[in-house]
Every structure is written in structure tokens, then in C-alpha cells.
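Here's the structure we're looking at; comments come further down.
The basis for the numbers below is simple: all heavy atoms, side chains too, and nothing from hydrogens, waters or symmetry mates. Position 1 is the first residue of the sequence; numbering continues from there.
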Amino acid sequence: MKFLANENFPKPAIDFLRKYDTDIKAIAELYPGISDDQVMQYAISEERTILTHDSDYGELIFRFGHKPSAGVIYFRLFDFEPETPGKILLEMIGNNLDFNKKLTVITETAVRQRSW
């Protein structure tokens with residue numbers, strides 16, 4: 001699996017994932033300040049699953065028709081340690097959760113997925 005961390009995804013979580021050899025690129029390191037639409041286009045071209053804390057990606061997918069084949073994971077967490085999203089993702093990968101063609105929403109208590 002290949003991932004693309006949106007600019008709002010915590011650097012400590014990215015570093016944590018890299019310690020476990022996760023293939024992850026970070027918008028903050030590559031193209032800081034680009035729009036959500038540009039992030040989406042980059043993820044589509046690289047076939048990477050987007051990691052974000054931004055709820056706008058659901059609208060980009062279901063209202064505006066962007067359909068990244070690798071999917072989007074929206075971390076809807078409010079009070080968390082900076083490494084927590086990385087730890088959660090690593091657990092999801094270990095559980096063989098499929099993110100392709102899905103918006104995955106992760107909260108403190110649940111994981112929901114909506115396919116396209």
C-alpha cells in the first residue's frame with residue numbers, strides 16, 4: 001500500500017509509519033500549500049491512499065466526482081497524541097482493511113467505510 005499524507009497529517013505520525021517501512025509521501029514535504037483538488041490529483045496519479053484530518057475530501061469524492069482508486073482515510077479524531085493516527089493506520093493495515101475505492105472514516109470509537 002502507498003499513502004499520501006495531507007498537509008494536516010501530523011509529522012510524528014508520518015515518522016512513526018516510516019519506522020515501519022510504510023510507503024508514505026507527505027504533501028508538506030513535497031508541495032506545501034497546494035489545494036485539496038491538487039492533492040487529490042497527485043494521489044490519483046500515484047495511486048496513493050490519502051491520509052487526512054480534512055472532511056472536505058468526502059465532498060470532493062461524492063459531490064464533485066473525484067474517484068481515487070486507492071481511497072481516502074479521514075481521521076476524525078479530536079484529542080490525540082501526534083503519533084496516534086500512524087499507530088491506528090498500522091493496526092488497520094495489520095487487520096488487512098481494504099481502503100481501495102472507499103472513504104474510510106476513523107473516529108475514537110469506530111471505523112466506517114463508504115464505497116464508490
Side-chain angles (χ1 to χ4, degrees):
M1 279 184 221
K2 300 187 307 183
F3 297 96
L4 179 63
N6 194 16
E7 205 161 5
N8 61 18
F9 198 76
K11 176 81 166 102
I14 295 167
D15 294 339
F16 175 84
L17 290 165
R18 286 178 174 156
K19 281 193 263 187
Y20 291 91
D21 296 322
T22 305
D23 183 346
I24 184 168
K25 291 186 176 181
I27 290 298
E29 297 168 356
L30 299 168
Y31 306 107
I34 66 172
S35 69
D36 291 343
D37 186 61
Q38 290 170 308
V39 171
M40 184 73 78
Q41 292 307 317
Y42 184 78
I44 290 169
S45 72
E46 293 249 333
E47 296 183 8
R48 291 183 176 277
T49 301
I50 297 172
L51 308 175
T52 189
H53 289 279
D54 186 348
S55 63
D56 292 344
Y57 283 86
E59 186 175 29
L60 287 172
I61 294 166
F62 297 109
R63 185 169 178 203
F64 294 110
H66 294 278
K67 304 292 186 200
S69 61
V72 174
I73 303 173
Y74 166 43
F75 290 84
R76 191 169 184 246
L77 307 172
F78 298 103
D79 187 25
F80 61 91
E81 296 296 319
E83 283 188 350
T84 299
K87 291 176 180 179
I88 292 170
L89 180 62
L90 206 58
E91 182 180 333
M92 299 292 155
I93 293 169
N95 290 335
N96 295 315
L97 192 63
D98 179 21
F99 305 114
N100 290 328
K101 296 184 180 180
K102 294 180 177 89
L103 173 64
T104 302
V105 179
I106 297 173
T107 67
E108 283 88 357
T109 59
V111 175
R112 297 184 328 262
Q113 291 188 305
R114 182 174 171 192
S115 299
W116 56 82

Holding to side-chain contact (heavy atoms from CB on, under 4.5 Å), I want the full list of residues that pass it with N8, two or more places apart in sequence or in another chain. N6, T52, H53, D54
Does N95 reach the main-chain N or O of L97 with its side chain, forming a donor-acceptor pair under 3.5 Å? no
Could you check whether atom CD of Q41 has more than 12 heavy atoms from other residues, nucleotides or ligands sitting under 6.0 Å from it? yes
Please tell me whether F62 and I44 are part of a single hydrophobic cluster in this structure, the criterion being side-chain heavy atoms less than 4.5 Å apart. yes
Show, in sequence, the C-alpha distance, side-chain angles and deciding distance for L4 and I24, and conclude whether the side-chain contact (heavy atoms from CB on, under 4.5 Å) test is met. CA-CA 6 Å; L4 179 63; I24 184 168; over 6 Å; no
Stepwise side-chain contact (heavy atoms from CB on, under 4.5 Å) test for H66 and D37: CA-CA 9 Å; H66 294 278; D37 186 61; 2.7 Å; yes
Determine the minimum heavy-atom distance between G58 and L103, stating which atoms define it. CA-CD2, 3.8 Å
Say you draw a straight line from CG of L89 to CD1 of I93; how long is it, rounded to the nearest 0.5 Å? 4.0 Å
Applying ring-ring contact (aromatic ring centres under 6.0 Å, His included), which residue pairs with at least one partner in residues 17-37 are found, sequence neighbours left out? F16-Y20, Y31-Y42
Which pairs pass side-chain hydrogen bond (donor to acceptor under 3.5 Å, both in side chains) with one or both residues in residues 106-116, sequence neighbours excluded? T104-Q113
Determine whether a donor-acceptor pair (N or O, by modelled atom type, separation under 3.5 Å) exists between the side chain of Q38 and the backbone of S35. yes
Report yes if some heavy atom in the side chain of D23 is under 4.5 Å from a heavy atom in the side chain of R48; otherwise report no. yes
Of the non-hydrogen atoms in T49 and A70, which two are nearest, and what is the gap between them? OG1-O, 2.7 Å
If the test is ring-ring contact (aromatic ring centres under 6.0 Å, His included), which one of Y57, F3, F75 qualifies with F9? F75
Which atom of L17 lies closest to which atom of T22, heavy atoms considered: O-OG1, 3.0 Å
Enclosure of K101 NZ (heavy-atom neighbours >12, cutoff 6.0 Å): no
Rounded to the nearest 0.5 Å, what separation is found between the CE atom of M1 and the CG atom of N100? 7.5 Å
In terms of side-chain geometry, is the basic nitrogen of K19 or D15 positioned less than 4.0 Å from the acidic oxygen of its partner? no
Can you list the residues that meet the side-chain contact (heavy atoms from CB on, under 4.5 Å) rule with S55, with sequence neighbours excluded? Y74
Using atom types as modelled and distance alone, determine if a side-chain donor or acceptor of E7 lies under 3.5 Å from a backbone N or O of G33. yes
On a heavy-atom basis, which atom in K67 and which in I61 lie closest, and how many Å separate them? NZ-O, 3.1 Å
Going through the checks in order, is the side-chain contact (heavy atoms from CB on, under 4.5 Å) test met by I73 and I50? CA-CA 6 Å; I73 303 173; I50 297 172; over 6 Å; no
At what distance, to the nearest 0.5 angstrom, does OG of S45 lie from CE of M40? 12.0 Å
Determine, for K2 against E46, whether the closest basic-nitrogen to carboxylate-oxygen distance falls under 4.0 angstrom. no
Find out if a path of hydrophobic residues (ILVMFWY) with successive side-chain heavy-atom gaps under 4.5 Å connects L51 to V39. no
Just distance, no hydrogens or angles: give the donor-acceptor pairs under 3.5 Å from side chains in residues 78-88, sequence neighbours left out.
from, atom 1, to, atom 2, distance (Å)
T84, OG1, E81, N, 3.4
T84, OG1, E81, O, 3.1

Taking side-chain contact (heavy atoms from CB on, under 4.5 Å) as the test, write out the residues that go with A26, two or more places apart. A5, I14, R18, E29
